[in-house]
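A short write-up of the structure that comes next.
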Number of protein chains: 2
Amino acid sequence: MTKNCNFIEKLREVGLRPTKQRLNMCEVLFNREKTFHFTIRDLVKLISEKMNQKISLATVYNTVHAFEKKGYLKEISIDSHKSYFDTNTSAHHHFFDEDTNELIDCDDSDIDKINIRKNITGKKINSVEVLIKVASDNQNQK
Amino acid sequence: MTKNCNFIEKLREVGLRPTKQRLNMCEVLFNREKTFHFTIRDLVKLISEKMNQKISLATVYNTVHAFEKKGYLKEISIDSHKSYFDTNTSAHHHFFDEDTNELIDCDDSDIDKINIRKNITGKKINSVEVLIKVASDNQNQK
DNA sequence: AAACTACATTATAATAATTCTAAACTATTG
DNA sequence: CAATAGTTTAGAATTATTATAATGTAGTTT
């Protein structure tokens with residue numbers, strides 16, 4: 001149960017009460033060796049089918065957005081039909097495999113640091129994200 | 001009417017019949033000095049309110065997607081709620097102004113060429129896109 | 001230039017993704 | 001252990017997008 005205690009603390013830090021549903025979400029999201037990329041559907045499916053726990057769509061949306069706002073999740077938008085969340089909230093870039101619809105983190109060593117030479121007057125840069133779409137060599141993607 | 005003739009030819013090249021609705025769309029999209037960033041809603045609004053021409057949502061969706069498939073428009077996805085199209089279909093990057101919801105093209109000179117050191121085995125790179133989110137210096141964005 | 005055919009447009013319905021609502025429930029505080 | 005403030009939920013509402021099928025139109029044939 002030490003694991004659970006971590007999640008309880010994590011939720012408190014974020015200002016959320018540790019409810020059963022939120023603890024189940026934490027279990028799926030943060031109890032991993034690697035970071036995790038998922039859609040809202042993926043998450044609901046994992047909790048209801050793999051964990052056999054009931055959770056409503058509304059709770060998943062609410063809690064994911066709460067985590068996002070507090071910086072515990074990051075949204076990665078591929079196109080208007082594909083939106084993912086990432087448990088890796090550090091500044092980093094992505095490969096997107098169009099064959100498998102899989103999102104893959106770039107290591108810092110995979111890509112040179114992005115150097116932006118222009119400034120928009122009066123504006124500061126909030127984020128710089130690179131998305132590299134890849135697909136199988138022998139088939140032509142859209 | 002020479003302008004119109006260009007659009008007729010352009011549509012033919014793309015394999016689309018030059019109908020009144022499509023010519024109106026071309027007028028809004030391609031009769032510009034600079035490239036243009038827009039949402040589906042923007043486009044409908046411009047045609048119906050500014051041009052005072054009737055067009056159905058379905059036609060706009062169909063034709064925008066036809067242009068996109070043929071490479072005359074490019075989709076730029078900001079987040080799950082904001083999807084733009086760009087009449088500049090060359091490989092280039094973007095600034096997104098979170099204050100004004102405005103998408104701004106990067107010139108090649110604004111940003112160093114992206115150098116990717118890693119290859120995903122058996123995959124080829126289809127696109128590399130950088131999105132730089134900016135916002136006013138003195139207010140804290142979400 | 002009438003008639004034919006294949007493609008387009010449209011209003012509307014269908015689907016999908018997300019947000020809202022209000023009633024029932026639960027964690028925390030005193 | 002009662003009060004209360006926050007949470008969950010089913011279902012309704014909203015929004016974005018796609019499908020449908022009837023009507024309309026461009027391009028071709030005669």
Side-chain angles (χ1 to χ4, degrees), chain A residues 1 4-5 7-28 38-45 47-48 51-70 72-73 75-85 101 142, chain B residues 1 4-5 7-28 38-45 47-48 51-70 72-73 75-85 101 142:
Chain A
M1 280 296 148
N4 241 8
C5 286
F7 295 151
I8 290 175
E9 272 165 38
K10 183 166 202 161
L11 285 166
R12 271 199 226 290
E13 276 169 34
V14 178
L16 296 174
R17 286 185 179 173
T19 63
K20 185 160 64 72
Q21 291 81 353
R22 286 176 181 156
L23 287 168
N24 286 335
M25 289 183 63
C26 286
E27 191 73 34
V28 171
F38 64 96
T39 64
I40 297 282
R41 299 256 145 220
D42 293 338
L43 192 45
V44 172
K45 217 168 185 174
I47 293 168
S48 53
M51 294 184 82
N52 269 312
Q53 295 283 315
K54 270 194 67 180
I55 195 164
S56 76
L57 244 189
T59 299
V60 176
Y61 274 105
N62 289 341
T63 308
V64 163
H65 288 146
F67 278 137
E68 191 201 0
K69 204 183 310 184
K70 302 289 178 152
Y72 279 74
L73 289 175
E75 188 183 12
I76 313 292
S77 180
I78 306 298
D79 64 38
S80 52
H81 294 271
K82 300 192 197 81
S83 179
Y84 289 76
F85 290 89
N101 272 1
K142 141 192 147 155
Chain B
M1 282 294 151
N4 242 7
C5 286
F7 294 151
I8 291 175
E9 273 164 38
K10 182 166 203 160
L11 285 166
R12 271 198 226 291
E13 277 169 33
V14 178
L16 296 174
R17 287 187 180 171
T19 62
K20 186 161 63 72
Q21 290 80 354
R22 285 176 181 158
L23 288 168
N24 287 335
M25 287 183 63
C26 287
E27 190 74 34
V28 172
F38 64 96
T39 64
I40 297 281
R41 299 256 145 220
D42 293 338
L43 192 45
V44 172
K45 215 167 187 174
I47 293 169
S48 53
M51 296 184 81
N52 269 313
Q53 296 283 314
K54 269 193 69 180
I55 195 165
S56 75
L57 243 188
T59 298
V60 177
Y61 273 105
N62 290 339
T63 307
V64 164
H65 288 146
F67 278 136
E68 191 202 0
K69 204 183 312 185
K70 303 289 178 149
Y72 279 73
L73 288 175
E75 188 183 11
I76 313 292
S77 180
I78 306 297
D79 64 38
S80 52
H81 293 271
K82 301 193 197 82
S83 178
Y84 288 76
F85 290 90
N101 273 0
K142 140 197 144 151

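FYI, side chains are in, hydrogens and waters are out, and symmetry mates aren't considered; it's all heavy atoms of this structure. Just so we're clear, the structure is a prediction, and the values are computed from it rather than from any experiment. Letters A, B, ... are given to chains in the order of the sequence lines, protein chains preceding strands, and every chain is numbered from 1.
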Can you tell me how far P of dT8(D) sits from CG of Leu11(A), to the nearest Å?
-> 10 Å
Starting from the C-alpha separation in whole Å, work towards a yes-or-no answer on salt bridge (Lys or Arg N to Asp or Glu O under 4.0 Å) for Asp42(B) and Lys45(B).
-> CA-CA 5 Å; Asp42(B) 293 338; Lys45(B) 215 167 187 174; over 6 Å; no
Atom-to-atom span, CZ of Phe38(A) to P of dA17(C) - whole angstrom | 16 Å
Would you say dT18(C) has OP1 or OP2 under 4.0 Å from some side-chain N or O of His65(A)?
-> no
At what distance, to the nearest 0.5 angstrom, does CG of Leu16(A) lie from CZ of Phe7(A)?
-> 14.0 Å
Would you please confirm or rule out a distance under 4.0 Å between OP1 or OP2 of dT28(C) and any side-chain N or O of Arg12(A)?
-> yes
Leu57(B) has an atom CG; how far is it from atom C1' of dT12(C), in whole Å?
-> 12 Å
Just by modelled atom types, is the Arg17(A) backbone N or O under 3.5 Å from a matching donor or acceptor in the Arg12(A) side chain?
-> no
If you round to the nearest 0.5 Å, how far is CE of Met51(A) from CD of Glu27(A)?
-> 5.0 Å
Select base, sugar-phosphate, or nothing to describe what Thr59(B) touches, counting heavy atoms under 4.0 Å on all strands.
-> base
Give the rounded distance in Å between these two atoms: OH of Tyr61(A) and C1' of dC20(C).
-> 13 Å
Contact class for Ile55(A) vs. all strands (heavy atom < 4.0 Å): base, sugar-phosphate, or nothing?
-> sugar-phosphate
Of dT28(C), dA19(D), dT9(D), the nucleotide closest to the side chain of Ala58(B) is dA19(D)
Of Thr19(A) and Asn62(B), the one whose closest nucleotide on DNA chain C sits nearer the 5' end is Asn62(B)
Could you tell me the separation between the NZ atom of Lys45(A) and the P atom of dA17(C), rounded to a whole number of Å?
-> 12 Å
Taking atom types as modelled, find out whether Ser83(A) and Glu75(A) have a side-chain donor-acceptor pair closer than 3.5 angstrom.
-> yes
Rounded to whole Å, the CZ-C1' distance (Arg17(A) to dG6(D)) equals 4 Å
For Arg22(A) and dG6(D), what is the distance between atoms CZ and P respectively, to the nearest whole Å?
-> 11 Å
For Lys54(B), report the nucleic acid contact type (base, sugar-phosphate, nothing); a contact means any heavy atom under 4.0 Å.
-> sugar-phosphate
Using a cut-off of less than 4.0 Å, is there contact between a side-chain N or O of His81(A) and OP1 or OP2 of dA16(C)?
-> no
Kindly say if Gln21(A) contacts the phosphate of dT26(C), meaning a side-chain N or O under 4.0 Å from OP1 or OP2.
-> no
Indicate, with a heavy-atom threshold strictly under 4.0 Å, whether Ser56(A) touches base, sugar-phosphate, or nothing.
-> base
Between Arg41(B) and Thr63(A), name the one whose nearest nucleotide on DNA chain D is closer to the 5' end.
-> Thr63(A)
Rounded to whole Å, the CZ-P distance (Phe85(B) to dT17(D)) equals 8 Å
